[in-house]
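Here's the structure, in structure tokens; my notes come after.
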Amino acid sequence: MNIWWIQRNIRLADNKTLTAALQEGNGLLPVFILDRKIYENISTISTKDKFLISALNHFDKALQQLGSRLILRVGNPVDEIIKLAGEVDAKKVYTDADVHPALIRQYNQLGEKIELNFGEQPCIFPFSAVKQKNGKPYQVFTPFSRAWKALPINLQLFQSPDYLPSVPDIFSVTLPVLSHLDTFPAEEFQAARKLKSFMDGPIYTYSDSRNMLCKDGTSFLSPYFRWGLLSKRQALHAAFDAKLNTDDFISMSNCDSWINEIIWNDFFQAIMHFFPEVLDGPFRNSMQNLEWSDSAIGLQAWKDGLTGYPVVDAGMRQLRNTGWMHNRARMITSSFLVKHLLINWQKGERWFYDLLIDGDPALNNGNWQWAAGTGTDSVPYFRIFNPILQGKKYDPHGMYIRRWIPELSDVPDRFIHTPWLMTSVEQKSCHVQIGNHYPLPIVDHNAARLRALSVLSRR
DNA sequence: TGCACATTGAG
DNA sequence: TCAATGTGC
């Protein structure tokens with residue numbers, strides 16, 4: 001009997017770990033070990049954890065259709081898997097390789113007690129394949145992506161099994177069946193369906209429409225990548241096909257833009273692999289001792305979507321309400337926390353990680369270091385998003401703002417990004433009192449910009 | 001994957 | 001007058 005320890009590739013199609021475990025032919029025990037904190041708080045579960053629980057429930061059903069089932073246990077993965085191995089007399093464990101140092105410690109502990117084999121890797125290519133000529137890992141995205149693109153790529157996908165070995169009659173924790181997640185139904189076939197519909201059109205205009213807050217121009221696939229309901233291989237395969245299916249040069253380059261995002265995913269996984277210390281602080285040492293503000297009021301206003309800057313607040317409320325945020329809004333809100341409020345980016349990283357249903361430690365950290373300008377390859381300190389102009393540019397009619405900030409729903413387009421500029425008569429006519437129903441800006445953009453420049457330029 | 005402000009040159 | 005371009009933060 002082989003244990004298939006499922007960590008982050010919760011799918012049947014194109015699954016290298018599953019394929020490797022099945023090849024042995026000695027029986028297969030699909031196992032997921034759930035964090036105790038999630039299990040004990042299941043009655044007050046966050047949207048983020050709901051996605052995982054829902055995915056596990058659906059995956060169990062999919063396994064049952066093939067004659068297997070999911071064995072779910074709660075607690076420390078190393079202890080639980082050793083316990084399970086004893087129950088079913090398993091000699092080998094097959095699992096997904098992750099880059100997080102805490103998980104790597106678990107692999108080392110488990111590997112001392114039982115034979116541990118890795119199937120799925122975090123990136124398209126092995127880490128050793130994408131390195132500089134001098135053997136050192138890349139620290140900058142563009143050269144990394146150039147080397148990545150130059151490698152020969154094999155996108156042969158692994159077949160879904162037609163049936164699976166049955167599972168012995170052992171205990172499995174039962175999870176509650178949760179209400180359906182509208183935007184992100186946590187099922188493998190839904191991920192495939194979303195991928196297909198993105199490739200059928202939106203990918204060809206991705207470069208521009210991905211930035212429009214009011215449009216659904218992004219692929220909405222991030223939660224599926226996070227938990228592996230979809231593989232990066234499957235996605236690349238589909239994107240390469242989409243590129244072949246057009247002879248329009250601009251459409252092709254739009255496909256490349258989206259493919260680039262998958263390369264960013266690989267890049268940040270590689271950074272976490274080679275430099276796990278990024279989890280504890282800035283990649284660049286010179287950014288180590290910045291004089292961050294410890295304003296609890298500022299941080300709370302940011303979290304609550306009450307900064308007084310509509311586009312920032314809309315993003316933060318979308319996050320809190322749905323567990324997901326538009327990518328452009330992630331850039332605007334993270335820049336605002338770091339540059340306008342001068343609050344340590346690690347507080348934002350934590351908040352995003354706790355709420356985002358696509359929250360992946362490597363990507364979340366990489367993107368925050370990028371936004372804060374603390375990574376090697378990141379935004380320069382003087383690049384400070386103006387939340388008013390960003391709003392005007394990417395949400396010109398305030399549709400995104402009105403969707404998430406109902407207080408502002410009657411504000412005319414002219415004032416939707418600067419509601420505080422309305423006279424009290426104008427405010428009255430659109431049923432909002434700025435400073436009462438919706439806050440005044442907690443910082444003045446120009447003053448905050450100058451403060452950020454002066455603090456950050458000293459590095 | 002920024003922005004503000006200055007300069008330039010066409011009309 | 002204004003869009004296009006250049007430049008420093």
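In what follows, chains carry the letters A, B, and so on, assigned in the order in which the sequence lines appear, proteins first and then strands, with residues in each chain numbered from 1.
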Over 12 foreign heavy atoms within 6.0 Å of NE2, A/His437
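Above 12, so yes.
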At a cut-off of 3.5 Å, list every protein nitrogen or oxygen paired with a nitrogen or oxygen from nucleotides 3-7 of chain C, distance to 0.1 Å.
none

Working note: A/Trp148 + A/Asp266, criterion side chain to side chain donor-acceptor pair (under 3.5 Å); need CA distance, chi angles, decisive distance, verdict.
CA-CA 9 Å; A/Trp148 190 104; A/Asp266 270 15; 2.9 Å; yes
Measure the shortest side-chain to side-chain distance between A/His326 and A/Arg330 over non-hydrogen atoms and say whether it is less than 4.5 angstrom.
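No. Closest side-chain heavy atoms not under 4.5 Å.
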Within the 4.5 Å heavy-atom criterion, are A/Phe184 and A/Asp358 side-chain neighbours or not?
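Answer no - side chains too far apart.
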Side chains of A/Gln427 and A/Ser424 only: does a donor on one sit below 3.5 Å from an acceptor on the other?
no
Indicate whether the side chain of A/Ser231 and that of A/Asp14 have a donor and an acceptor atom separated by less than 3.5 Å.
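Yes.
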Looking at A/Glu120, is its backbone amide N or carbonyl O close enough to the side chain of A/Thr17 to form a donor-acceptor pair, meaning the two atoms are under 3.5 Å apart?
yes
Using modelled atom types and a 3.5 Å cut-off, is there a donor and acceptor pairing between side-chain atoms of A/Asp395 and backbone atoms of A/Met399?
yes
Determine, for A/Phe144 and A/Lys131, whether the Lys NZ or Arg CZ falls below 6.0 Å from the six-membered ring centre while staying within 45 degrees of the axis.
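No, A/Lys131 and A/Phe144 do not form such a contact.
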Write down the distance between [atom1] ([X]) and [atom2] ([N]), rounded to a whole number of angstrom.
X        : N     : atom1 : atom2 : result
A/Lys339 : B/dA4 : NZ    : C1'   : 16 Å
A/Leu456 : C/dC9 : CG    : C1'   : 11 Å
A/Asn327 : B/dT1 : CG    : P     : 13 Å
A/Leu389 : B/dT1 : CG    : C1'   : 15 Å

A/Gln390 side chain near B/dT1 phosphate (N/O to OP1/OP2, under 4.0 Å)
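For A/Gln390, the contact criterion (side-chain N or O under 4.0 Å from OP1 or OP2 of B/dT1) is not met.
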When you look at A/Phe118 and A/Tyr107, which way does the ring pair (Phe, Tyr, Trp, His ring centres under 6.0 Å) test go after all the steps?
CA-CA 10 Å; A/Phe118 294 102; A/Tyr107 305 153; 5.0 Å; yes
Note: contacts of residues 374-387 of chain A with DNA chain B (heavy atom, under 4.0 Å) are A/Phe382, A/Arg383, A/Ile384, A/Phe385, A/Asn386
Pull out every residue in residues 208-221 of chain A that has a heavy atom closer than 4.0 Å to any atom of DNA chain B, ordered by number, or say none.
none
In this structure, which one of A/Phe268, A/Phe275, A/Trp345 forms a ring-ring contact (aromatic ring centres under 6.0 Å, His included) with A/Phe283?
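Testing each of A/Phe268, A/Phe275, A/Trp345 against A/Phe283, the sole residue satisfying ring-ring contact (aromatic ring centres under 6.0 Å, His included) is A/Phe275.
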